[in-house]
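Below is one structure, written out as structure tokens, with a few remarks after it.
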Amino acid sequence: MSVRVRFAPSPTGQVHIGNIRAAIFNWLFARHEGGKFLLRIEDTDRERSTPEAVKTVLDAMSWLGLDYDEEPLYQSTRQKAHMEAAEQLLKSGHAYKEDKGGTGKGECIVFRMPGEDMMFSDVIKGDLRKSAKDMSDFVIVRSDGTPTFHLANVLDDIEMKITHIIRGDDHVENTFRHIALFRSLQADVPKYGHLPMIINQQGKPYSKRDGAAFVGEFREKGYLASALFNYLTLLGWSPGDDREKLTRDELISSFTLDRVKSGPAQMDIRKLTHLNAQYIAELPIDQFCKVARDVVVRMNWGVNVEEALFIKVCKLMQSRTHTFSAVEDWKYFFSDNIAYDEKSVKKTIAKEGVKSILILLKERLAEIDFSEGTIEKVIRGVEKENGIGEGKLNQPIRVAVTGVSIGAGIYETMVLLGKNRTLAKLEYVINNLCI
RNA sequence: GCGCCCAUCGUCUAUCGGACAGGACACAAGGUUUUCAUCCUUGGAAGCGGGGUUCGAUUCCCCGUGGGCGCGCCA
């Protein structure tokens, strides 16, 4: 029988990093096995499940390249089938009505656990057992007539002919209930695999408080889908050798569930960032420009970022870009109005004697055509005339023309800045920041 | 409290009883470089504790400890 797996998110606004990893593992498993990867939108919470929330899920998936094989099943369309199944369970004696605990809410429908010890072989965790006394009956239809997660989930998995359920660790206990449901519905019980949780630095499951907890945030912070995808597979899984940076095809061919670890794994943003830098470095330049351009648009600098210059800047900056949020600091290439880093200014420009040197530099630069060679020559000359060590002027100049103390090679930077802008910035610094 | 699961460098991991426990991130020290970054070299860094089984245990078993998860008319 061919493998059919699913990702079943409830669209509640954001896609949690733990959920998307479950989706990735399901996807990888399906692709490895040549099976189907399906999507089910669990939109029974009518208040939170808005079309926008659904779109967020879809966007996150397409961003990561998680393509699904059949039309998504919307759980909200299954209400009737759910209720019919509940009636059937009532009839067959697998469920009964009860006002649980006399809450006054009225009667709900409760599923009767079989009352015997259970065991299933988890594809990741191995044999898991639970004795009858530790399992109690549970509600499948609320007193308001709506089905609970357990009922809906199992019924829809039957409907979708799911063969393997790969989901978070937090569901292991539910699995005993779900298996009992499958059996009493006379359906084939799928295979289960429970993924370890992703935890934060405190060892707790990732939450909003940990900053980057949602897929959208990683995207905004300048991470590449390919890097996030790759990194997430490494959390709780490894190919068994020393490879860590794997292409999607390599991931598909080496992914097996029996290599998934069963203990929780801690997220390390730094390692993600390192991977991200590698992926960025090997991006074709036009791709790099495209993603960088999106950041520029979002930043809304209020200046014209001309494409030809932008491409040159991209070429210059790509190798030192770890995440695309670094693009936010590129404003000095395109704007006459830049922010000066106070500390850097203090350290390099706001010093005795700098002013006259910069004035001389400005005069000399005004006389040449800008190229790396000519610029370097001018700077070396000014240094020599003032008895300054070779290269010592580079940093002050960098701060003067870019506002910050880090960046690409200063000659290249000045060439891209252009003569006019360079001179204008020197003029500003001489008049306003020098002492 | 009860039940289930897990346990290798700070972190992610390799090891399917047998060599110096390997790799990556991070960190440190060098080198390259006009700053930053890249790149290169080197270094420190781990088998939770205690019992067994075995010629031999990180690996198998038990106990302890630590951690995670679950115990809803949430999903």
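Every heavy atom of this structure was used, including side-chain atoms; hydrogens, water molecules and symmetry mates were not. Naming: A, B, ... by sequence-line order, numbering from 1 per chain. Since we're looking at a predicted model, the values are computed, not measured.
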Practice prompt. Could you grab the distance from atom CG of A/Leu272 to atom NE2 of A/His322, nearest 0.5 Å is fine?
Written response: 13.0 Å
Discussion item. With no hydrogens and no angle check, just 3.5 Å: does a side-chain donor-acceptor pair link A/Thr256 and A/Asp258?
Written reply: yes
Worksheet entry | A/Ile397 CD1 - B/U34 C1' separation (whole Å) | 10 Å
Worksheet entry | N-O pairing of A/Lys343 and A/Asp341 below 4.0 Å | no
Item to complete: Kindly say if A/Arg243 contacts the phosphate of B/A24, meaning a side-chain N or O under 4.0 Å from OP1 or OP2.
Response: no
Practice prompt. Tell me which of A/Thr321 and A/Ser238 sits closer to the 5' end of RNA chain B, going by the nucleotide each one is nearest to.
Written response: A/Ser238
Practice prompt. For B/A28 and B/G68, measure between their P atoms and round to the nearest Å.
Written response: 30 Å
Worksheet item: Is it true that the NZ or CZ of A/Arg248 lies under 6.0 Å from the centre of A/Phe229's six-membered ring and within 45 degrees of the ring axis?
Response: yes
Worksheet item: Between B/C16 and A/Arg259, is there an OP1 or OP2 to side-chain N/O distance shorter than 4.0 Å?
Response: no
Practice prompt. On RNA chain B, check which nucleotide each of A/Asp242 and A/Arg398 is closest to and give me the residue with the more 5' one.
Written response: A/Asp242
Worksheet item: So, is A/Lys261 close to the B/A14 phosphate, meaning a side-chain N or O under 4.0 Å from OP1 or OP2?
Response: yes
Worksheet item: What distance, rounded to whole Å, do you find between the two C1' atoms, one in B/U33 and one in B/U38?
Response: 10 Å
